[in-house]
There are 2 protein chains.
Amino acid sequence: MPTAKKKLTPLRSICPIAGTLDLIGDRWTLLVIRDLFRGLKRYGEFAASPEGIPTNILAERLVRLEANGIIASEPYQKNPTRYAYALTPKGLSLKTVLGALGQWGARHVSGTKIPAEMAALFRET
Amino acid sequence: MPTAKKKLTPLRSICPIAGTLDLIGDRWTLLVIRDLFRGLKRYGEFAASPEGIPTNILAERLVRLEANGIIASEPYQKNPTRYAYALTPKGLSLKTVLGALGQWGARHVSGTKIPAEMAALFRET
DNA sequence: GACTGTTACTTGTTTTTTGCAAGTGACATG
DNA sequence: CATGTCACTTGCAAAAAACAAGTAACAGTC
């Protein structure tokens with residue numbers, strides 16, 4: 001796993017919406033989670049997504065998501081050890097959030113389009 | 001209405017999730033929208049929320065939300081003209097997003113608690 | 001076995017955004 | 001007319017993001 005730096009993130013309030021945003025409410029984190037739902041697993045795959053996340057940001061977000069128990073990493077090779085990332089149950093339960101964001105965007109943000117590969121995320125459960 | 005500065009925000013991709021995040025995916029915007037769902041209407045009320053949004057950020061977000069058709073402002077007094085803000089239908093349709101974020105937070109972010117005043121947001125529709 | 005390429009990061013610097021404090025204009029109240 | 005309030009605006013320091021390079025450990029080619 002990448003270098004883990006300790007960083008406290010005290011919650012801004014007891015509001016559960018604010019609490020969620022404190023964990024994943026930045027410009028990039030939810031896009032990494034979206035990619036995990038799409039089946040991507042490796043650093044290079046995330047980096048290749050069309051939004052073009054800066055690599056240092058990606059590395060930091062992966063560390064943070066794992067520290068918060070939203071993703072887990074497992075080595076898939078040695079020398080050098082490389083890790084594949086996957087959503088934990090906690091991360092998987094963000095599906096409703098991604099679904100709501102995606103449906104709203106498809107309806108209200110012009111220029112967006114639901115890719116076929118992502119249709120599963122948008123089906124009602 | 002506050003001073004409107006033109007600012008282009010080209011979408012990072014055609015993904016509807018990314019598109020939504022480009023509009024409202026920052027540290028503060030969704031908290032303002034939450035406050036509107038809670039019934040708050042005025043600048044001072046938003047500023048008094050427990051998270052303590054910086055006032056310059058609040059002013060800028062109100063302008064942006066109105067420019068994007070998510071909120072609308074109406075004068076409630078003259079000299080000086082003061083505006084009350086309300087969600088448009090487009091803004092109201094973010095309820096599912098807020099609901100999903102809140103439910104996830106209530107379940108997975110320790111230290112959060114659903115205030116009674118906010119319970120309506122969390123009921124399934 | 002030196003050379004090229006790939007993967008997964010790390011490091012350094014610039015630019016942008018945020019956060020904080022203080023200031024301003026137009027009143028309303030005492 | 002002095003003080004207070006409300007809704008902002010402005011200035012500046014601090015933090016985060018963006019961009020560009022660099023690095024380590026191989027694997028494959030010549």
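Numbered from 1 within each chain, the chains take letters A, B, ... in sequence-line order. Only this structure's heavy atoms are used, side chains among them; waters, hydrogens and symmetry mates stay out. What you see is a predicted model, and the numbers here were worked out from it, not measured in a lab.
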In Å, rounded to the nearest 0.5 Å, how long is the span from [atom1] of [X] to [atom2] of [Y]?
X: Arg12(A); Y: Ile17(A); atom1: CZ; atom2: CD1; result: 11.5 Å
X: Leu94(A); Y: Arg34(A); atom1: CG; atom2: CZ; result: 14.0 Å
X: Ser73(A); Y: Leu62(A); atom1: OG; atom2: CG; result: 9.0 Å

Quick one: ring pair (Phe, Tyr, Trp, His ring centres under 6.0 Å) pairs with a partner in residues 93-119 of chain B, sequence neighbours left out?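 For residues 93-119 of chain B: Trp104(B)-His108(B).
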Rounding to a whole Å, what distance do you find between [X]:[atom1] and [N]:[atom2]?
X: Glu60(A); N: dT11(C); atom1: CD; atom2: P; result: 14 Å
X: Arg12(B); N: dC19(D); atom1: CZ; atom2: P; result: 12 Å
X: Asp26(B); N: dT18(C); atom1: CG; atom2: C1'; result: 11 Å
X: Tyr76(B); N: dC8(D); atom1: OH; atom2: C1'; result: 11 Å
X: Arg64(B); N: dT16(C); atom1: CZ; atom2: C1'; result: 13 Å
X: Leu62(B); N: dA7(D); atom1: CG; atom2: P; result: 11 Å
X: Arg61(B); N: dT9(D); atom1: CZ; atom2: C1'; result: 16 Å
X: Leu58(B); N: dT18(C); atom1: CG; atom2: P; result: 13 Å

If you compare every side-chain N and O of [X] against the phosphate oxygens of [N] (OP1, OP2), does one of them come in below 4.0 Å?
X: Trp28(B); N: dT17(C); value: no
X: Arg27(A); N: dT17(C); value: no
X: Tyr85(A); N: dA8(C); value: no

Review item, nucleotides 24-29 of chain C N/O atoms under 3.5 Å of protein N/O:
| from | atom 1 | to | atom 2 | distance (Å) |
| --- | --- | --- | --- | --- |
| dG25(C) | N2 | Arg82(B) | NH2 | 2.9 |
| dA26(C) | O3' | Asn79(B) | O | 3.2 |
| dA26(C) | O3' | Pro80(B) | N | 3.4 |
| dC27(C) | OP1 | Asn79(B) | O | 2.5 |
| dC27(C) | OP1 | Asn79(B) | ND2 | 3.4 |
| dC27(C) | OP2 | Asn79(B) | ND2 | 3.1 |

Partners of Arg38(A) by salt bridge (Lys or Arg N to Asp or Glu O under 4.0 Å), sequence neighbours excluded?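 If we apply the salt bridge (Lys or Arg N to Asp or Glu O under 4.0 Å) test to Arg38(A), skipping adjacent residues, the hits are Asp35(A), Glu117(A).
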Going by side-chain contact (heavy atoms from CB on, under 4.5 Å), name the residues that satisfy it together with Ala67(B), two or more places apart in sequence or in a different chain.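 If we apply the side-chain contact (heavy atoms from CB on, under 4.5 Å) test to Ala67(B), skipping adjacent residues, there are no hits.
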Below 4.5 Å, heavy atoms only, C-beta onward: do Ser49(B) and Leu40(B) meet side chain to side chain?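 SC-SC contact between Ser49(B) and Leu40(B) confirmed.
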If we only count heavy atoms from C-beta on, is the Arg82(B) to Pro80(B) side-chain gap below 4.5 Å?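 Arg82(B) vs Pro80(B): side chains touch.
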Going by number, which of residues 42-57 of chain B have a non-hydrogen atom under 4.0 Å from DNA chain D?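 Those residues are Arg42(B), Tyr43(B), Gly44(B), Thr55(B), Asn56(B).
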The criterion is side-chain hydrogen bond (donor to acceptor under 3.5 Å, both in side chains); which residues satisfy it with Arg61(B), sequence neighbours excluded?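 side-chain hydrogen bond (donor to acceptor under 3.5 Å, both in side chains) list for Arg61(B), sorted by chain: Asp26(B), Thr29(B).
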